[in-house]
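Quick caveat: nothing in here was measured; it's all calculated off a predicted structure. The chains referred to below are lettered A, B, ... by the order of the sequence lines, with proteins before strands, and numbering in each begins at 1.
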Number of protein chains: 2
Amino acid sequence: MADSEKRLEQLVERLREYGCRITPQRLAILRILTSSENHPSAEDIYEQLRVQFPTTSLATVYKMIAMLKEMNEVLELEFRDRSNRYDGNRPYPHTHLICLRCGTIQDPEQSELENLPRQIALRAGYQLVSHRFDIYGICPACQAAE
Amino acid sequence: MADSEKRLEQLVERLREYGCRITPQRLAILRILTSSENHPSAEDIYEQLRVQFPTTSLATVYKMIAMLKEMNEVLELEFRDRSNRYDGNRPYPHTHLICLRCGTIQDPEQSELENLPRQIALRAGYQLVSHRFDIYGICPACQAAE
DNA sequence: ATACATGCAAAACATTTGCATAAGA
DNA sequence: TCTTATGCAAATGTTTTGCATGTAT
């Protein structure tokens, strides 16, 4: 898909500006992140990475993610009871639909949250930094399967 | 405060119905939870509990929390990078304002999310279970202090 | 009396860190 | 060449679990 290739090039450029070396492992991680629509976990990324780099480690994946977080180029969705999940295509806060059965995370068509986070923050005197809006439920496929 | 006492009695009643024993430790944990406006962590609860029960353990706190979660009588706000935080007064999903500097968690006056989670879930064919709406920023006190 | 709760210690588990080796620039 | 990245192993920190002892009912 053209979109994910464009995003890949953009990320490579940003890494270069940032003074990072473009290693084959990093390129592969970026490719996995940008071509992924399903918010992979670090483990997911690692599994895919091992296809090309059988001796790679989870530490490499985590170090790359840490770097991308620092650059605000990946969105981290934290879960204490499972692995964190990552979105390298939309690295800004946005609404997520999360299936509690199969673990799928998708972005709904529209979300109309608009500037609610800003309004609420402002009203309470907070300086807005970020927000998180997750909707948890059972996805259509899991409903059909039960 | 009358509200928190009423909530406490309600919880004790629910525990009894559930077939749980009302131990002094459990009563104290409930008291800490219901009288707390600042979304304590398990550690916070433990520290307060130790005042009355110097030999108590974190395991006791966690086991009690697990029981209350099972009964849907406590809301757990999960954070991977810090401790989870708990709300025993409003055990249903609601909007949170979270200060990234001092860690305070408060509930905004009004939130006008209304039935947005339900609408979005429905539109995507999901069966709604729960949601999470967190707004992260810097609270007024921390802004003044910098 | 007896089933359930407590509290200690050890386990679990994702993520982070230290460090020697490897390899981009 | 020389600095940065990799990948192994060990550490971290919160939450969970096992089990012997204690206790509410």
- [ ] Mind telling me whether A/His94 and A/His39 have parallel, tilted or perpendicular rings, with 30° and 60° as the class edges?
- [x]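 If you compare the ring of A/His39 with that of A/His94, the planes turn out tilted.
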Expressed as a whole number of angstroms, how long is the span from [X]:[atom1] to [N]:[atom2]?
| X | N | atom1 | atom2 | result |
| --- | --- | --- | --- | --- |
| B/Leu58 | D/dG18 | CG | P | 18 Å |
| A/Leu49 | D/dT6 | CG | P | 9 Å |
| A/Lys63 | C/dG18 | NZ | P | 10 Å |
| A/Ile65 | D/dG7 | CD1 | P | 15 Å |
| A/Glu70 | D/dA5 | CD | P | 11 Å |
| A/Leu15 | C/dG24 | CG | P | 15 Å |
| A/Ile29 | D/dA5 | CD1 | P | 12 Å |
| B/Glu76 | D/dT16 | CD | C1' | 12 Å |

Does [X] have a side-chain nitrogen or oxygen under 4.0 Å from the phosphate oxygens OP1 or OP2 of [N]?
| X | N | value |
| --- | --- | --- |
| A/Thr60 | D/dA5 | no |
| B/Thr56 | C/dG7 | yes |
| A/Ser57 | D/dT6 | no |
| A/Thr23 | C/dA23 | no |
| B/Arg26 | D/dA24 | no |
| B/Gln25 | C/dG7 | yes |

- [ ] Report the residue (B/Cys20 or B/Arg82) whose heavy-atom-nearest nucleotide on DNA chain D is the more 5′ of the two.
- [x]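 With B/Cys20 and B/Arg82 compared, the 5'-side residue is B/Arg82.
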Open item on the list: On DNA chain D, does the nearest nucleotide to B/Arg16 precede the nearest nucleotide to B/Tyr86 from the 5' side, or the other way round? Give the residue.
Closed with: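 Its nucleotide being nearer the 5' end, the pick is B/Tyr86.
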Open item on the list: Let's see if you can work this out: which of D/dC8, C/dA14, C/dG7 has an atom nearest to the side-chain heavy atoms of A/Ala59?
Closed with: D/dC8
Open item on the list: Can you confirm whether B/Leu75 sits close enough to B/His96 that some side-chain heavy atom of one is under 4.5 Å from a side-chain heavy atom of the other?
Closed with: yes
Open item on the list: Other residues, nucleotides and ligands only: do more than 12 of their heavy atoms fall within 6.0 Å of CD on A/Glu109?
Closed with: no
- [ ] Return yes when atom CZ of A/Arg118 has more than 12 non-hydrogen atoms of other residues, nucleotides or ligands closer than 6.0 Å, and no otherwise.
- [x]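 No, because the 6.0 Å sphere around CZ of A/Arg118 holds 12 heavy atoms or fewer from other groups.
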Open item on the list: Check for me whether A/Arg101 meets the cation-pi criterion with B/Tyr126, that is, NZ or CZ under 6.0 Å from the six-membered ring centre and within 45 degrees of the ring axis.
Closed with: no
Open item on the list: Pick the closest DNA chain C nucleotide for B/Pro54 and for B/Arg80 by heavy atoms, then say which residue is nearer the 5' end.
Closed with: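 That would be B/Pro54.
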TODO: Look at all strands and tell whether B/Asn84 reaches a base, only sugar-phosphate, or nothing, counting heavy atoms closer than 4.0 Å.
DONE: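 B/Asn84: backbone/sugar contact only, no base atoms under 4.0 Å.
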Open item on the list: For a quick check of understanding: with a heavy-atom distance under 4.0 Å over all strands, which category does B/Pro24 fall into, base, sugar-phosphate or nothing?
Closed with: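 B/Pro24: backbone/sugar contact only, no base atoms under 4.0 Å.
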Task: Separation between CD of A/Gln10 and CG of A/Leu30, rounded to the nearest 0.5 Å - done: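 That separation rounds to 11.0 Å.
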Open item on the list: Tell me whether the side-chain N or O atoms of A/Arg21 pair up with the base of D/dT4 as donor and acceptor below 3.5 Å, since no angle test is needed here.
Closed with: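 Answer is yes: a donor-acceptor pair is held.
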